Structures are given as structure tokens and as C-alpha cells.
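Working notes for the structure below.
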Amino acid sequence: MRMQQLIGDRFKERPSDCVIDSHALMVRGGYMKYVGSGIFSLYNPLRRITRKIEGIIREEMDNIDGQEVLFPVVMPASLWEESGRFASVGAELMRMKDRNGSPMVLGMTHEEASVQLVREYGNSHTKYPFMIYQIQTKFRDEARPRGGLIRVREFTMKDAYSFHTSQADLEAYYQRCYDAYTRIFQRAGLRNVAIVASDSGMMGGKISHEYMLLTPVGEDTIVICPECGYHSNMEAAPSLVETPSSGNPAPLTPVHTPGQKTIEDVCAFLHASKERSVKAVVYHLLSTDETVVVFLRGDLDVNETKLTNFLGGEIRPEAIDENVSLVAGYIGPVGLQPKNCRVLYDRSLQGADNLVCGANKAEYHNTGLSMPRDVPNAEYHDFAKIAEGGVCPQCGKRAITLSRGIEIGNIFQLGTKYTEAMGMQYQDAEGNLQYPIMGCYGIGVGRLAASVCEESHDEYGPIWPMSIAPWQVQICCLRADQEGVKEAAEALYEALGSQRVEVILDDRPVSAGVMFSDADLLGVPIRLIVSPRNLKEHVVELVTRDKSVKTTVAMEEVVETVRKMIAERLG
RNA sequence: CGGGGUGUAGCGCAGUUCGGUAGCGCACGUGCUUUGGGAGCAUGGGGUCGCAGGUUCGAAUCCUGUCACCCCGACCA
């Protein structure tokens, strides 16, 4: 490739709407162009990067016996009705109608399609286990795209689906995939990746992990215990009952009242319910004179029936105090007297000026009620979220640290949710019909590219690892107008190319400053500088984008030196 | 969905208070000079000022409505 012909402008100014560096650099460097909210086109350099990432993923997926397939982007809604997700998934699922008026959807994930593909094939236990994967465009109508390629609506994703005849087999395969993912991110050049337990959300299933790039610009919060190595997404970390903010730091001791649920029961229920809307919660008895009271921050409509049934009580928003009603509602045994309760709130409600459990401030004031912070004797607790310095759910030590992270991959043990819903069965060795157990595994390709950029860049541009760099070598030919210079650069370009080195040649008649700045933005790992000055000495300057090497190499040794360096960096 | 903000050339912005021929820098075309970290001079091309109404002799500017986008939340395989 010649820089002269490379499509895409590079420029100095940071676009005003770029918040994170990877976004700004990828726009400034001619990697991609904004098309619409959360929608981008990729120029050649970025496409070359994503192709390399896809190559690494393919190798590792094939290596764990995956078979690449391709599912449709546009699917009949009936397929999603089979699993129940046509109704259960929200507006992120893009719905439309074809010319005949039939409802269709744009693929945002492909569990349904994968089951549909192998439903008949997988009719015998002798066919198992197997894994299918694809690398393909997904569309999710995200409420708020952000951060360039970090959170977009249309994106390329590798999604894989495995099918098993036993939980043990799924778990064994899950481990292989876990290891393969670790290798993928390592090969892509990421250094600070944490593997955390996660909340499986709408996917269903039980065990799941997320691969997180630790970075301050990440949108997820990760809970880490340095004491025992516990890692978890904040979303999934159990929130232990903690001490009142203003009071005695001693932990509250739950007391079980006969016929009532304990605090542990309630916690267990809420965590097991996997309802996303359950964010906060829980108060319990300090003595048998008091009664279990639960305050939810979140959408009570979704959970109140279940939780009320569980507690054997009823929801009585007005039961305690009129101030409470709009905050969350009150759940407790029938006939509870307000005086007997202590009023506890999730700390995240404190000072919530704009939003209190779905009721905005204006609405709240229209009721004539005071804000929750005015409730007499209210105590604020960190129920909803585990906090910095909090208690580790695993080892119990008060050592929790919080980090930010970008989710670059996730793996789930799905179970039989989809195979049951869609009627996929096989005959086992005894001739009995069984539902296969599934796992699913995803990696966002573009997000991964952006993550590498985010982790590996300086003020001048990205510093691509050799494994995914758009080109391996960039030749900067200074003063191509002078005698013999252009010819020397061309010869080098040909020589490297004939050795299958990926090389881009810049012999434009621009100033050195422009040429070097553009090279910095392109982030190619090895830079060769051909110039009149160097030619006099019969050498070429070799500098690496990461600044680890800066040397001169005799003309006839350049190709060999470069090949060695590439081989080293590719491992 | 709640809060805040922005829409003027490919990018970054001024002009809007107080209505009067559409501006600047970068980028782009042409010519000459220059050439090791974003060169200089000259000259040119490119914008129905987000959109729609309204007020006015006259609207980027004032009024009404509307759309889009960005940021913080909520939400999110």
C-alpha cells in the first residue's frame, strides 16, 4: 500500500464530541467515519486491524473444535417468538416488517438461530458435543451509544454456541473456551484484562464470566478483592448488609423471627431472582420487636408480586409514613405498625435530586411530600452496591477495591433455556429424549480494536501491537524528489513485500513533520526512514512506534533485521 | 425515559446580545519557493447558517414548533 493512495483524511484537531482517546485518535487518524448515532464506517486501516483480530479469533475457536457458520442478519420474528424473546426483549431489538407485512427482526444475538440451525442435526447423543460460531454484524438499538467503537448500535461480533449432553461436559468445554479467550486477548496485545463473575441478565443461565479491560474510561465497575483474588462485576457482586453511614461501624446481626424471612433469605431471593430491576434493598431485624422491612430502589411493578408472595406480606406504600410511598414502597407482613420499623434506605437514594425510584423531583414535589432524606430517623446504607473498602463476599475481609472496565468478551453457561423453549431434543444412550445444554460465548471485534487503542496509545496516536497492526512496517521516504532517494525506498518496498512483510510506503512530497505525524497516527510498529542523509551513509533509520528501538541499519541488512523483529514481536 | 448542552464549509470555531451582502484557522485545487517533527507567499473552489412555520422592506440573528446529535444518569446478550 502507498500512503499516497490511502483513503481517509488525517487531521490535527480533536473532534469536539470525542470523549475518550481511542475515539478521538481513530477519527483523527482516518480509521473510521461517523455515519449516525452509534454507527460508523471503517476505512482500510481499521478494517485491516479488525481482519487480523478476526483471524486470531478464528484460529482460537477452530482450535477448540469450533465450526464457523453464518446466521442471517434479518430473521423472521417467529423465530424469536419461539424462545419468548420477541416479547421479553425491549427496544434494543430492531423490529420491522417485510413487504408482505410479516414481522422481522435484526439479529442482536443468535441463540435462536443457532438452535434452529442444529435442531434436527443434534437428534442423537452421538453427535455431541459440538460448537458453532460466526463472525458477523449485529444490530442493537442501544439507548445511548458512546465512546466511539466502545458502545455502538451496529457492530461486528464473534458469537459462539456450544451444545452438550451433560452439565459436566458443558463445564469442561466452558473451561476450554475460558482459556481460549484468555489467549485471544493476550495475542491481541491487551495487558490489563480481568476475568470477572457477571450477571447473566437477559441471557438466562447461571454461571457467566466477563473479560474486562481495566481502564478508567470503562463503563462497568469491577469489584476486586486483593486479599483473596475475588473478581466480579458490580452488577453481580452480592451486596452485603453494611453498617449505617452515621452510626456504629459494627455489622448488623440478622435475627431470625419465627414465621418470617431472615435478611439472608431476602438477599438470596433477590439475587436468585436475577431481576435487573432489583437494585437495592434490604433491612432486617435488629431485635425481635422489629420486623423485616425491604426497600427497593427500582421498578417495583416488576417484582412486587413475587417478592410479596415470597415474604408472605403485602405491599403497602402508605404503611409506614407518607414520605415513603413514592420512594419505593413498603413490603412487610400484614398489619405491621410503622412505629415498629426502622427506616433504612439505599445510600444511592441519598441526595438523589433528579430521580427517586422513577419519580422525578417535580412529580415528587407535586405530591406535597418531602424528599426521602427528610424522613425522620432514616438511615442510609450501601445496600445496592458494594463499595470501595467494603466487605468481600468471598473472604469476608474489608478489602474491596473498585476499578472501571470495558467488557470485551463474555462467556455463559446457558443451560436448556433455548433448547427447551424451541423444542430441540436428542435421544440419549437409553433412548430417552433429552434437552441439550448450551453455552454461549461472545467477543466484540470493533470494541476489542478500540480497547487495544485505548490501552496502547500516546498523545500522537495509537501504538498497535504487531499482531493486529494495520501494517507491520511503514517506510517514510523523506525528500523523494532528490536523486536516488525514491528509488531506494521503492527497492526496499519491493524487497520487503516480496518477503510477505506488510508494508506501507509514504513517499509523498510533504514535510517531514507531516509525514511523521501521519505515521504516528497510523501506529505502524516498525518505521523505516529513507532520506538523502541516511543514503549517504548507506543506511536506513529504524525506529519502533513504541519508542523501544531507535537505530540505523545497513541497507543490505534491512530486510533481514525487519523480518527478525516482526517474528519476535509475533511471538 | 430524566437532566444538561450543541447544531454556521470535511474538521475546529467566531458571528446571534443590539436584524442589514456568510467569516476565521486547518484541510482541499493551482503556481512558485521550501524540505528531518504538522513550512511560506500568491491565488482559487466549497456553506439554501439542522428543519418548518411566523414577524419584518430585510432573519444565522427575533418568535413558535420540530428534528438531530453530544454529555451525565436510567436502561442494556
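Below, read A as the first sequence line, B as the second, and so on, with proteins coming before strands; counting in each chain starts at 1. Everything quoted here is computed from the prediction, not taken from an experiment.
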Separation of A:E490 CD from A:L505 CG (nearest 0.5 Å): 5.5 Å
Would you indicate which nucleotide in [options] comes nearest to any side-chain atom of [X]?
X      : options             : result
A:E13  : B:C69, B:G37, B:C26 : B:C26
A:D520 : B:G37, B:G73, B:A39 : B:G37
A:A143 : B:A74, B:G37, B:G12 : B:A74

Check whether any side-chain heavy atom of A:Q136 lies under 4.5 Å from a side-chain heavy atom of A:L70, and answer yes or no. yes
Using side-chain heavy atoms (C-beta onward) and a distance below 4.5 Å, is A:D506 in contact with A:Q4? no
Indicate, with a heavy-atom threshold strictly under 4.0 Å, whether [X] touches base, sugar-phosphate, or nothing.
X      : answer
A:Q482 : nothing
A:D481 : base
A:F139 : nothing
A:V27  : nothing
A:R527 : base
A:D141 : nothing
A:P532 : nothing
A:Y441 : nothing

Residue matched to [N] through Watson-Crick or wobble contacts both under 3.5 angstrom:
N     : answer
B:A42 : B:U30
B:U16 : none
B:C1  : B:G73
B:A68 : B:U6
B:A60 : none
B:C49 : none
B:U35 : none

Please measure how far the [atom1] atom in [N] lies from the corresponding atom in [M], and state the result in whole Å.
N     : M     : atom1 : result
B:G5  : B:C11 : P     : 24 Å
B:A27 : B:G40 : P     : 9 Å
B:G10 : B:G73 : C1'   : 33 Å
B:U30 : B:C72 : P     : 42 Å
B:G29 : B:C69 : C1'   : 32 Å
B:C13 : B:G7  : P     : 9 Å
B:A9  : B:G54 : P     : 26 Å
B:G65 : B:C57 : P     : 24 Å

A:P129 and A:H164: which non-hydrogen atoms are nearest, and at how many Å? CB-ND1, 3.6 Å
Please report the closest heavy-atom contact between A:D141 and A:R153, naming both atoms and the distance. OD1-NH1, 2.7 Å
Check the distance between [N]'s [atom2] and [X]'s [atom1] and give it to me in whole angstrom.
X      : N     : atom1 : atom2 : result
A:R144 : B:G73 : CZ    : P     : 7 Å
A:E219 : B:C71 : CD    : C1'   : 14 Å
A:D518 : B:U35 : CG    : C1'   : 16 Å
A:K12  : B:C28 : NZ    : P     : 10 Å
A:Y34  : B:C69 : OH    : P     : 6 Å
A:R479 : B:A39 : CZ    : P     : 14 Å
A:L522 : B:G38 : CG    : C1'   : 16 Å
A:D220 : B:A74 : CG    : P     : 12 Å

Give a yes or no on whether a donor-acceptor pair under 3.5 Å exists between the nucleobase atoms of B:G38, that is its base, and the side chain of A:R28. yes
With RNA chain B as reference, determine whether A:F11 or A:H23 sits nearer its 5' end, using the nearest nucleotide of each. A:F11
Between A:D17 and A:P509, who's closer to the 5' end of RNA chain B by nearest nucleotide? A:P509
Can you see if the side chain of [X] gets near the phosphate of [N] - specifically, an N or O under 4.0 Å from OP1 or OP2?
X      : N     : answer
A:S517 : B:G37 : no
A:S16  : B:G12 : yes
A:R146 : B:C71 : no

Over 60° means perpendicular and under 30° means parallel, so classify the ring planes of A:F40 and A:H23, tilted if in between. perpendicular
Any idea how A:F185 and A:Y181 line up, ring-wise: parallel (<30°), tilted (30 to 60°), or perpendicular (>60°)? perpendicular
A:D9/A:K33 salt bridge by N-O under 4.0 Å criterion: no
